[in-house]
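Here is the structure we will look at, set down as structure tokens.
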Amino acid sequence: MRGITRRTDGGRRAPHEGTRGEMTWEEWAAEAGGREEYGAPPVAPTAPGPGLNPAQRAAVEHGDGALLILAGPGSGKTRVIVRRIVWLHERLGVRPEQILAVTFTNKAAGEMRERVWQMIDGEAGEISIGTFHAFCARILRHYGMAVGVPSNYVICDPDDQQTVVRDVLRMSGVPAAEWKPGEILGAISRAKNELIGAREMALRAKSRSETIAAEVRERYDEALRAAHALDFDDLLARGLDLIKLRGEAYARTAERYRHVLIDEFQDTNLAQYELAKALTSTHGNITAVGDPDQSIYSWRAADLRNIVNFERDFPNSRVVLLDQNYRSTRRILEAARAVIGLTSGRQERKLWTENPAGDPVLVIDVAGAAEEAEFIATEIARAIRDEGRDFGDFAVIYRTNSQSREIELALVREGIPYQMTSGTRFYDRREVRDLLAWLRLVQNDADALAFRRALLAPRRGVGQRSIEQLRSVAEDEGALLTEVARAAVAGGEPQLRPTVCTALATFLDLIEELRSAAAELRASELIGRAFTTSGQEERLAQEADGAGKLENIGELFRAAAQYDDLPPAESLAIFLEEVALTGGDEDEAHDAVSLTTLHGAKGLEYPVVFMPGMEEGLLPHARTMQDAAQLEEERRVCYVGVTRAQERLYLLRARTRFNPWENAAELSAPSRFLEALPSDGIVQLSDAGQNEPATRDLAAPEQPRRFEPGDGVWHALHGDGTVVACSDTYATVSFASRGGEEFLIGNDNLLPGGDGWLEAA
DNA sequence: CGGCCAGAGATTTTT
DNA sequence: TCTCTGGCCG
Ligand SMILES: Nc1ncnc2c1ncn2[C@@H]1O[C@H](COP(=O)(O)OP(=O)(O)OP(=O)(O)O)[C@@H](O)[C@H]1O
């Protein structure tokens, strides 16, 4: 679980004794530095050494003052940041705790930390590396009171946001069907990131939908404030307020950091840029690194004007351009250039490489999504056999999360291990969220959303209706939901039936019991206690498919255990914060194929990349085709994907694709980005005529092969194994060659009669 | 008034 | 394919 799993060795401070109030920012940040250690990056970083070209060196060794590095993919931007951090420390004598490096994702932060730690001994853990959101969350936890953010605030998750908007819409009588909560939330989020307040948003509203969004926002903000909750965007806006106050938070951060470095600058929004300026206003020691061609988050209010404004806001800034690509073969780079080349108004930036031409870029034309997935899976299996590659060398990068399903199925069938680094996050699962709701309520008894969820999980005889009554009274009296609930139990308003009262009283007692326990228990112990006390353990035990869910709770428990050596008073808050910020992505320590969206792949690199779904409607996505600016962004999205590949790139295009709306397969046209490719250095392959989906689907199923637990089997990639469990189509097999690790594999790909190594052992 | 079951809707990208 | 919502039954 990336972002949660951490080693406890290496640069980590002894846990701080005492309460949060006594902890200084320095101690806190140091703790945070040690707290955020991640697994190894997918590609091992290049060993420390000279390894810098003259332009890179100039950037690394730029002294004080503002520095803007504009450079294409694979030109070593991230490498320059890392090396610059090291250089500032070793040559300019900047102390680690005086350096703040900001990344776009928590994952990128982890990788950067990993790289820096390899180059600086000892004190490297004191360098602050994280996202803007994480940075703001942290300073707000400590000093937020100054801007009206209570220290026990919680970060509300996207689902809660939806719920609030739905509630607001319902209560204001707006038919929810007409205005999609998601779109309203998007508008609210964009406004917040552009630092547009609620009032200004209302004033600016031109269309009816904008007016609705502004109206919803007012009540949405109110609901969050009452719940002592912040959404992701509030973190930035309130964090900025806090720094601008020039109070204690400023003294402990802006005055402490002598150098601020920002990666992926092209995807920062106004709030983030203002934050960066506020943090560096006295010394101007800011390093911003980005690539305009890779700006793919405008829908989240990222604003390329930040790059233009940078030179205006820091008049003495130096601009360094890097144009040598170290990542990809020449043919891949040529394909990339063809994809991006046609962008209107783009400054021509030539990117070149000394790398060999390499394999041709492969454009694969397949019948449908099933064939596409099948091709990917078998090709990976082939390359592992014939070329001696590892699973970790491969990435499948797609436009939408829903594309992963078919590919997962094919990979499982072939027995290929994979990891997903985007899509549904671990903590989005029902059972995990239910348990987290209890913890959130323990942490913050104003959290009305957690209150509702916790009270309903498990069902205890208090339903939606009673909650609605409580909520209504709470709103009228401006009181907390928990207070009103307590009053109701004591016989006050609202009048509830005796059975409901009893159930509610029990619930309140349980929460109270947990809250007092929280003062003494370690984070993981508290989770265990909450799981039992809440009755969720019992509920899961009764559920038919409770085993998998129980496993997820176990995962949560192990994640929390990483916080056990923090003082109980703080560990819960820090754990919940981490959960909200990272979503608990899977650990990527083991050797596995990566499945990710194009957005999620930004900044990463893989020897072999598959890009399925190169079709009009998927890439570019149908919802972007109305708007020229959005189409340009799709082109950049494609460019980002192509430039992830180091050695080989497969672009896959299906002639038909299933349309869930029509519940039918439809013909699809090849992506316009494919049309842009040069004919040179490209090989086109097609399965046309061999493998049409109809024939395939209607073909008589082969003799089904079934195994029993304990059977010895053989698999082409993993060798001898022993069946642990088996269904009609899949078997769980433990393989000796992989240290007993278990794989889910399609029965068709297993041969009976291998040596059952478990019995032999 | 709460719980359970059945049917509909969902998918663009994320901190 | 899975998750929420609304209607019906206890
Ligand atoms: N001077 C160099 N010599 C050798 N290899 C280099 C050099 N500079 C960078 N590289 C390698 O090139 C690859 C890309 O570097 P890096 O990830 O820093 O690029 P980037 O500009 O951040 O790319 P992106 O924009 O895609 O995030 C890495 O594998 C890195 O080790």
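To find a chain, count down the sequence lines: A is the first, B the second, and so on, and within it residues start at 1. These numbers come from the heavy atoms of this one structure, side chains and all, not from hydrogens, waters or symmetry mates.
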Does the ring centre of A:Phe451 sit less than 6.0 Å away from the ring centre of A:Trp438?
no
B:dT12 phosphate, OP1 or OP2: any side-chain N/O from A:Asn401 under 4.0 angstrom?
no
Apply ring-ring contact (aromatic ring centres under 6.0 Å, His included) to A:Tyr297 and list each qualifying residue two or more places apart in sequence or on a separate chain.
A:Phe104, A:Trp299, A:His599
Can A:Arg141 be said to sit on top of A:Tyr153's aromatic six-ring, NZ or CZ under 6.0 Å from centre and within 45° of the ring axis?
yes
Tabulate protein N/O versus nucleotide N/O from nucleotides 3-6 of chain B, keeping only pairs under 3.5 Å, one per line.
unit_1, atom_1, unit_2, atom_2, d
B:dG3, OP1, A:Gly461, N, 2.8

What about A:Tyr273 and A:Phe265, are their ring centers closer than 6.0 Å?
yes
What does the list of N/O pairs under 3.5 Å between the protein and nucleotides 5-10 of chain C look like, with a distance for each?
none

Are A:Arg623 and B:dT12 close enough that a side-chain N or O sits under 4.0 Å from OP1 or OP2?
yes
N or O in side chain of A:Thr105 less than 4.0 angstrom from B:dT14 OP1/OP2
no
For A:Asn193 and A:His621, find the nucleotide of DNA chain B closest to each by heavy atoms; which residue's nucleotide sits nearer the 5' end?
A:His621
hbond_proxy A:Thr400 side chain to B:dT12 base (donor-acceptor, 3.5 Å cutoff)
no
A:Phe132 near the nucleic acid: base, sugar-phosphate alone, or nothing, with a heavy-atom cut-off under 4.0 Å?
nothing
